[in-house]
Amino acid sequence: MVRLVQFGLPWPFANAAATGLLLPDRLPAVLALTLVTPAGRIARLILGHRSRPDPEDNPKRIGNLSKQGVFGSMPLLGTHGSIALGEFSLEPSTRTLRRGGERVALTRRPFQVLVFLVEHADRVVTREELFEEFWDGHDVYDEALSKSIGAIRKAFGDSADSPRFIATHYGEGYRYIGPVGGVEDALEVAASPAPALEVERTSGVRVVVEDVRPGTVAATAVAEFPALYLSRRTMAVAALAVLLVVAGVAYAWSWRSAPPAPPPRPQIESVAVLPLVNLSANPDEEYLGDGITEGLITELSRVNGLRVIARGSAFTFKGTDVDPVEAGRRLGVSAVITGSVAGSGPTARVQVRLVSTADGRVLWAGDSFDRPAAEIIDVQDSIVCQVVSELRARVCGEGERVARRYTDCAEAYRAYLRGRYHWNRRYSNDMQRAIEAYERAVAADPSFALAHAALAETWAVMECNAQVPAGTGAAPAREHAERAIALDDSLPGAYAALGLLAGARWDRPEAERLFRRALELSPGYVPARQWLANVYTVEGRFAEAEAALMAAREIDPLSIPVGMSLAELYGYMRDYDRLASHAEQLRAADPASTFPDQLMVRVYRETGRYDEALELLGRAGQSECDNSRLLFLMGRVAEARACVDAAAKSETARRAPYSMACRYATLGDADEAFRWLERALEARQPDLVSLDVDPAMDGLRSDPRFARFRRAVGFAA
């Protein structure tokens, strides 16, 4: 292909020559030049004319563009000679990169990407453009591109954090920013077939032509035409004709060659971070991906105007091969972040991408991070910064760290991530393992505030759920919460833990204050909303409780704990129609769960549909003795009593005396129920705060003894 580079004519002779209007004997050749030249370049030639020949306008002058770091559209891969890139030299024709005369290893594809970036050093080259150029537009090769960029940086001894040669523009692409010296012999014409178009050399007017046919070296030819002298009127007419021709060519060219407009970029207002897939063969590394996922959720939740789905709902997709569009539909978000973690001994590789849930289109793919495991904190910081930059959030300012660094100790941070992994499983043995992991974290870094807050929450939950003997979890929970606040008073978990302890002391106003403080610090902190709703519930403030839980559900739509709290609320409200409807919603969200069937057993039992309740017990994973109240209501009183008496001898009864009081109360045995309430009061069991709204206590409310327990837990007479 031949491209017209420059006319060395006074205005408007160059333009007249370009169209052949003033050179009828050369009309076919010049028209050929015009037709094969992009209209944008013709227009630039017209607008960028020179009034007199430039004495330095020669093939070597194009090499001087390298001093500005700009090669324009000049292809370099076939160029002879070398291009100075600081202390390096690039030899496109031999595909060689040298430093001080010694060859630097760089494979074919990274070399091609480097040359392309140098050719377009005047701008940012987008990832999509590189995909199109080297991988036929398939964005599934983003890992290959990231590896190519990594290989280039390795060859230069460059760094992504402090680049000298290749800069990453998050959310856009890459740009060559290094030095560029002159092109030595870059435009020397190699032995090759004759140019596609030859222009004879005469005197007067010069036309510079490039021959850039495939397989040839970029060459420049100079042709001169005799000087022509015309009247001003003739020149004006010629100039007008040229403008009309250029406009027509530009329109035709753009109409025929312009690629179809890309689909409009969706507005990202909500996002879910799906659990990063563990690609390592070691299941013990599972905690790493979970921890990074949770960290991304936490930090993205700080972005104003962005709704981020909480961990509970996001992790319902863990271990499933869910389509991003389907996940987005179920979570009600406009985009999801997916990715993987491959932990391999001392190193870890993390990859993430942002996917539109409207059509499954990959909106952005982050760099592939191959870092030592000790640098996992930096990896998480970098990922968060890339994601929020792509979401156009103004939280990645110059020199600003997005993810707050709570510790610089990698050992402490990895222990913390392992603790979070067990905490989120919530089984009794996992809670104890979480405690052990968090203890290792604070042992490695005593100033690690986040680990202290996590310890406080874990001990507080175990205390309130009777997973430890009454009173044994409160002291360590308070100690670590106060330590966390002393180190960093912005951690919501520390205040939430203190709120749980206040509720356990039956100090509901203080509990409400602390939960509200936690939500001021982090509006997306779902546990605080759920626990605040519990305060409202036991006080009979049902509308406020439901509003708080619905707000939590907006953030965490598939959360099992939030769903359980709503079920408990509807049960306390005696609204069994809504409880049944809620059970069906939970069943649709998780068909494998037995919890919706347990709720329906309760609905059938309390609405007198005993046979249906009994039939559903097996599917609900319950035995008849688990439902002694159902047996009692069906008239099987002796069987019901035997079940309750057997349960009273268990370790569970010793740890949770309030539940035994409820069971005896439903059998109509008030004396035994009050004896168990007395035990609950002595142990200061947190569940006692429910007695004012619990349907199980309905048979005791008219008993004068009941008022004493109400006053003990802070209810007015």
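Owing to the predicted nature of the structure, the values given are computational and were not obtained by experimental measurement.
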Which atom pair, heavy atoms only, marks the closest approach of [X] to [Y]?
| X | Y | result |
| --- | --- | --- |
| Ala155 | Ala105 | CB-O, 4.2 Å |
| Ala504 | Cys464 | CB-SG, 4.3 Å |
| Asp445 | Ala412 | CB-CB, 3.8 Å |
| Val562 | Ala552 | CG2-CB, 4.1 Å |
| Val113 | Ile149 | CG1-CD1, 4.1 Å |
| Gly499 | Phe515 | C-CZ, 3.4 Å |

Report the C-alpha separation of Leu558 and Phe315 in whole Å, then their side-chain angles, then the decisive distance to 0.1 Å, and conclude whether the side-chain contact (heavy atoms from CB on, under 4.5 Å) test is met.
CA-CA 9 Å; Leu558 304 181; Phe315 270 71; over 6 Å; no
Assess whether a salt bridge exists between [X] and [Y], defined as any Lys/Arg side-chain N lying under 4.0 Å from an Asp/Glu carboxylate O.
| X | Y | answer |
| --- | --- | --- |
| Glu102 | Arg99 | no |
| Glu512 | Arg516 | yes |
| Glu436 | Arg433 | no |
| Arg529 | Glu554 | no |

Rounded to the nearest 0.5 Å, how far does [atom2] of [Y] lie from [atom1] of [X]?
| X | Y | atom1 | atom2 | result |
| --- | --- | --- | --- | --- |
| Asp323 | Thr338 | CG | OG1 | 10.5 Å |
| Leu549 | Asn534 | CG | CG | 7.0 Å |
| Thr458 | Arg420 | OG1 | CZ | 7.0 Å |
| Trp459 | Gln467 | CH2 | CD | 11.0 Å |
| His480 | Glu439 | NE2 | CD | 4.5 Å |
| Leu566 | Gln530 | CG | CD | 9.0 Å |

Can you tell me if [X] uses its side chain to pair, donor with acceptor, with the backbone of [Y] under 3.5 Å?
| X | Y | value |
| --- | --- | --- |
| Glu510 | Ala502 | no |
| Thr293 | Leu276 | yes |
| Asp687 | Tyr658 | no |
| Arg353 | Ile337 | no |
| Thr357 | Val333 | yes |
| Ser690 | Val538 | no |
| Ser313 | Ser559 | yes |

Can you sort out the partners of Glu411 under side chain to side chain contact (heavy atoms under 4.5 Å, CB included), two or more places apart, ordered by chain and number?
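For Glu411 the side chain to side chain contact (heavy atoms under 4.5 Å, CB included) partners, ignoring immediate neighbours, are Cys409, Ala444.
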Going by heavy atoms in the side chains, are [X] and [Y] under 4.5 Å from each other?
| X | Y | result |
| --- | --- | --- |
| Leu274 | Leu331 | yes |
| Arg307 | Ile555 | no |
| Thr407 | Tyr416 | no |
| Thr168 | Arg153 | yes |
| Leu354 | Val271 | yes |
| Tyr176 | Ile166 | yes |
| Met462 | Ile435 | yes |
| Leu487 | Phe448 | no |

Taking ring pair (Phe, Tyr, Trp, His ring centres under 6.0 Å) as the test, write out the residues that go with Phe317, two or more places apart.
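In terms of ring pair (Phe, Tyr, Trp, His ring centres under 6.0 Å), with neighbours along the sequence ignored, Phe317 is linked to no residue.
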Glu482: which residues meet the side-chain hydrogen bond (donor to acceptor under 3.5 Å, both in side chains) condition with it, sequence neighbours left out?
none
Phe134 and Phe116 aromatic ring geometry - parallel, tilted or perpendicular at 30°/60° bounds:
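Rings of Phe116 and Phe134: perpendicular, as their planes differ by over 60°.
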Indicate the ring-plane relationship of Phe88 and Phe156, choosing parallel, tilted or perpendicular according to the 30° and 60° boundaries.
perpendicular
Checking Glu326 against Thr320 for the side-chain contact (heavy atoms from CB on, under 4.5 Å) test, could you report, in this order, the C-alpha distance in whole Å, the side-chain angles of both residues, the deciding distance, and whether it holds?
CA-CA 12 Å; Glu326 172 62 16; Thr320 65; over 6 Å; no
Taking atom CE of Met564 as the centre, does the number of heavy atoms from other residues, nucleotides or ligands within less than 6.0 Å exceed 12?
no
May I have the step-by-step check of side-chain contact (heavy atoms from CB on, under 4.5 Å) for Leu417 and Asp290, ending in yes or no?
CA-CA 8 Å; Leu417 292 184; Asp290 288 0; over 6 Å; no
Using side-chain contact (heavy atoms from CB on, under 4.5 Å), reason through Tyr438 and His452 one step at a time and then give a plain yes or no.
CA-CA 8 Å; Tyr438 293 146; His452 284 289; over 6 Å; no
